[in-house]
J.: 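One structure is given below, represented as structure tokens, and several questions about it will come after.
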Amino acid sequence: MARLALRLDDELAQDVKAHAAAAGRSVNAWVLAVLGAAVNPDLADTEAERIRSRLARAGLLAEPRPHETPRPDPERVARARKAAGKGTHLSQLVSEGRGRASSTTARRS
């Protein structure tokens, strides 16, 4: 039996572990099933559809998670939008900052 070492970013590794646990499988068994499903020939129209179909048949298709963050109160959003248009413009802050840096540099020289 061949061995294969993979480098995964931490987020992907956690997702793989979570999906394996949810499927009641070890990480190794889950990854083997996913890889096997991905390379098994099929007659779908596109490569993406073939892979998705294989994963679904194998019970390994990960459905998108529902959006868990509640939507903000529309009145608060309206107040924030109104407040966002007030205050000092960024271009003015940058210009003032450059003026101070230039005069400081000139004094040091």
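On a predicted model such as this, the values are computed, not experimentally measured, just so you know.
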J.: Go through the structure and list residues passing side-chain contact (heavy atoms from CB on, under 4.5 Å) with D73, not counting sequence neighbours.
T.: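 Expected list: E75, R76.
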
J.: Identify every side-chain donor-acceptor pair in residues 4-19 under 3.5 Å, counting partners at least two apart or on other chains, and give the distances.
T.:
unit_1: D9; atom_1: OD1; unit_2: E11; atom_2: N; d: 3.1
unit_1: D9; atom_1: OD1; unit_2: L12; atom_2: N; d: 2.8

J.: Could you tell me which non-hydrogen atom of A20 sits nearest to which non-hydrogen atom of S26, and how far apart they are?
T.: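 Heavy atoms only, the tightest pair is CB-O, 3.8 Å.
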
J.: Sequence neighbours left out, what passes side-chain contact (heavy atoms from CB on, under 4.5 Å) with R71? Give chain and number order.
T.: none

J.: T88: which residues meet the side-chain contact (heavy atoms from CB on, under 4.5 Å) condition with it, sequence neighbours left out?
T.: Q92, L93

